[in-house]
Amino acid sequence: MASVRFRTLLLVSAALRVILILYGEWQDTHMEVRYTDIDYMVFSDAASLMAAGKSPFARSTYRYSPLLAFLLIPNSFLHRSWGKFLFSAADLLVGLFIRTILKLRGVPENLSMLSVIVWLFNPFTFTIGTRGNCEPIVCALVLWVFICLMNGRVLQAAFWYGLVVHFRIYPIIYALPILVILDPHVFRSGQKPSLQFWDPRQESPQNRSVTRLAQLLCPWFLLKSALTRERIVFSFISAAVFFLFTGLFYHLYGWEFLYEALLYHLTRTDPRHNFSIYFYHIYLQYNRKLSILEKLVSFLPQLIVQVVLVLSFAQDLPFCCLVQTVAFVAFNKVMTAQYFVWFFCLLPLVLAWSKMKLKWKGLSCMTLWVAGQLHWLMWGYLLEFKGRNVFLQLWMASILFLAANTYVLVSLIRDHRFSPVFTCLEKTSKGGKKLQ
């Protein structure tokens, strides 16, 4: 019965996406404002160049892995909407992976279905894929890495993790929590890790970040405990896959690939208006080279918040990655609407462990977040389409949106029931006494 309901849910959401893709074709033809994302045109042009035996980076502003252009080559000989169907299929795959992860953790069917609906029928998510944005592929790969880890397939997880980091660099922030959970008391050779099942009455003690920080600063701890077989294997395989694809495309396309697909995202200073609080400073200083101190100041908040979150929540991997992503996007130098999909695919994985009630806390989070975004979009419209000098107002709107994101982040943390994904196997001291 449950499988029938889920199949029906997938069919309805698939039909919705097909209708939106067809509508997008009509809107692009008959209306001034296009439905298709401008990035999709960039992807398609790069794919056409690759199909002709040329470099995809001959298309200006193409700053992605050549794998993406390769996947969209059928745009040239099948139909220009091929990529939209591919991205939407990945969108549906994310829904399937969400259900798989929740089933592995023993979440009841009604909560599992509700969580899947939060993804499949979220306007932000189903419009991203149908407009031609590639983020659903990245989301699907990230969730597949989680599934591999939960099933004890560390080598597979390492392969796909290396691939997704090559495809889109931002999942590199998940490396530290993944390495933390590869605990030798959880992952043992020849044994499948034991998962901790969902229990609404359970209140698991949260790891103390101070204690973990003291351990990480201890050289003996790093040598004896941190450098375990599973962590070394995962690091080696994922790095090898990343450098294999990177080296291959460097051989094919040279420095242009290395800069556009990777280095550009690390040194990006985009003067165009976006949700980030840093855009106005970058815009004012764009003709002047930023000092090392200025670059460090913009990077430090991200780094500090990421470290604190990992030290606090790493054992609860989906939740840790969720709050990491929310914080990473909120404090990034560039923030666009497509980035929100990065954490929307992780949100359904933690709803079953949230104590937040839709009324009133949940509504306040959604209202503040959406209102902050709409307020920003109002000033963005006046700047972009009306040509008004509202840069200062737009910057203030970015600050308010950061405040809304921070409020949501803090609310998610305060109302979450910390629940490690894995249960540790029995540990014993030298004298044979069990350690808790």
Side-chain angles (χ1 to χ4, degrees), residues 6 9-25 35-44 46-47 62-75 79-102 115-148 160-161 163-174 265 318 321-322 325-326 328-329 335-350:
F6 180 69
L9 195 65
L10 274 182
L11 289 174
V12 172
S13 57
L16 171 64
R17 284 155 175 79
V18 170
I19 292 172
L20 285 173
I21 292 173
L22 296 177
Y23 167 77
E25 290 294 311
Y35 181 82
T36 301
D37 194 319
I38 186 62
D39 285 343
Y40 187 72
M41 310 307 296
V42 175
F43 303 159
S44 299
Y62 181 77
R63 299 188 175 101
Y64 302 85
S65 168
L67 284 175
L68 178 57
F70 177 78
L71 291 175
L72 266 61
I73 286 179
N75 276 18
H79 194 273
R80 61 186 180 184
S81 293
W82 158 265
K84 295 180 181 179
F85 284 101
L86 178 66
F87 300 152
S88 296
D91 192 352
L92 298 175
L93 196 60
V94 171
L96 176 63
F97 288 166
I98 289 171
R99 185 169 188 263
T100 301
I101 292 172
L102 295 178
S115 299
V116 172
I117 289 172
V118 168
W119 168 262
L120 290 179
F121 295 95
N122 185 332
F124 278 95
T125 59
F126 64 66
T127 55
I128 284 290
T130 57
R131 293 185 67 225
N133 196 282
C134 68
E135 302 304 339
I137 291 181
V138 184
C139 295
L141 288 174
V142 168
L143 296 193
W144 180 245
V145 170
F146 291 174
I147 292 173
C148 290
W160 291 107
Y161 182 71
L163 180 62
V164 73
V165 172
H166 165 81
F167 191 83
R168 201 82 162 90
I169 195 69
Y170 87 88
I172 192 68
I173 66 175
Y174 306 144
H265 298 285
C321 293
L322 169 65
T325 311
V326 173
F328 178 80
V329 171
M335 188 201 315
T336 61
Q338 71 189 55
Y339 294 0
F340 304 151
V341 181
W342 298 351
F343 53 77
F344 277 136
C345 73
L346 299 170
L347 180 62
L349 301 180
V350 305

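What you see below is based on every heavy atom in this structure, not just the backbone, and it leaves out hydrogens, waters and symmetry mates. None of the values given here were measured: they were computed from a predicted structure.
In this structure Tyr161 satisfies the side-chain hydrogen bond (donor to acceptor under 3.5 Å, both in side chains) test with no other residue, sequence neighbours excluded. Applying the ring-ring contact (aromatic ring centres under 6.0 Å, His included) rule to Phe124 yields the partners Phe344, Trp369; only residues at least two apart in sequence or on another chain are considered. Evaluation of the side chain to side chain contact (heavy atoms under 4.5 Å, CB included) rule for Leu22 yields Val18 as partners, not counting sequence neighbours. Scanning for side chain to side chain contact (heavy atoms under 4.5 Å, CB included) contacts around Ile19 gives an empty result, with sequence neighbours left out. In this structure, Arg131 has no side-chain hydrogen bond (donor to acceptor under 3.5 Å, both in side chains) partners at least two apart in sequence or on a different chain. Residues passing the side-chain hydrogen bond (donor to acceptor under 3.5 Å, both in side chains) test with Tyr174, sequence neighbours excluded: Thr325. Not a single side-chain hydrogen bond (donor to acceptor under 3.5 Å, both in side chains) links Ser13 to another residue, sequence neighbours left out. Every side chain to side chain contact (heavy atoms under 4.5 Å, CB included) that Val326 has, sequence neighbours left out, goes to Leu322, Phe343, Leu409. By the ring-ring contact (aromatic ring centres under 6.0 Å, His included) test, Phe43 pairs with Tyr64, sequence neighbours left out. Applying the side chain to side chain contact (heavy atoms under 4.5 Å, CB included) rule to Tyr23 yields the partners Trp26, Gln27, Met31, Tyr35; only residues at least two apart in sequence or on another chain are considered.
The shortest side-chain heavy-atom distance between Phe340 and Ile128 does not fall under the 4.5 Å cut-off. With contacts defined as side-chain heavy-atom distances shorter than 4.5 Å, the pair Arg99/Leu102 does not qualify. A heavy-atom distance below 4.5 Å is found between the side chains of Leu72 and Tyr40. Counting only heavy atoms from C-beta outward, the side chains of Val329 and Tyr170 never approach each other to under 4.5 Å. Leu143 places a side-chain heavy atom less than 4.5 Å from the side chain of Leu349. The shortest distance between side-chain heavy atoms of Arg168 and Leu141 does not fall below 4.5 Å.
Residue pairs satisfying the salt bridge (charged side-chain N to carboxylate O under 4.0 Å, His left out) criterion with at least one member in residues 117-128, sequence neighbours excluded, are absent.
Scanning both residues, Ala47 and Ala69, for their nearest heavy atoms gives CB-O, 3.3 Å. Minimum heavy-atom separation, Val350 to Pro318: CG1-C, 4.0 Å. Minimum heavy-atom separation, Asn122 to Val118: CB-O, 3.1 Å. Listed here is the closest heavy atom pair of Phe146 and Cys321: CZ-SG, 3.6 Å.
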I'd like a table of donor-acceptor pairs (distance under 3.5 Å, sequence neighbours excluded) in which one partner is a side-chain atom from residues 87-98, with atom names and distances.
residue, atom, partner, partner atom, Å
Ser88, OG, Lys84, O, 2.9
Asp91, OD1, Trp119, NE1, 2.8
Asp91, OD2, Arg17, NE, 3.0
Asp91, OD2, Arg17, NH2, 3.2

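Between the Trp82 side chain and the Leu71 main chain, a donor and an acceptor come within less than 3.5 Å of each other. A donor-acceptor pair under 3.5 Å links the side-chain atoms of Asn75 to the main chain of Gly83, judged by distance alone.
Atom-to-atom distance recorded for Ile21:CD1 and Leu16:CG is 10.0 Å, nearest 0.5 angstrom. A distance of 4.5 Å separates CD of Gln338 from CG of Asn133, quoted to the nearest 0.5 Å. To the nearest 0.5 angstrom, Asp39 atom CG is 8.0 Å from Thr336 atom OG1. Once rounded to the nearest 0.5 Å, the distance linking CG of Leu347 with OG1 of Thr125 reads 11.0 Å.
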Go through the steps to decide whether Val142 and Trp342 satisfy the test side chain to side chain contact (heavy atoms under 4.5 Å, CB included), and finish with yes or no. CA-CA 10 Å; Val142 168; Trp342 298 351; over 6 Å; no
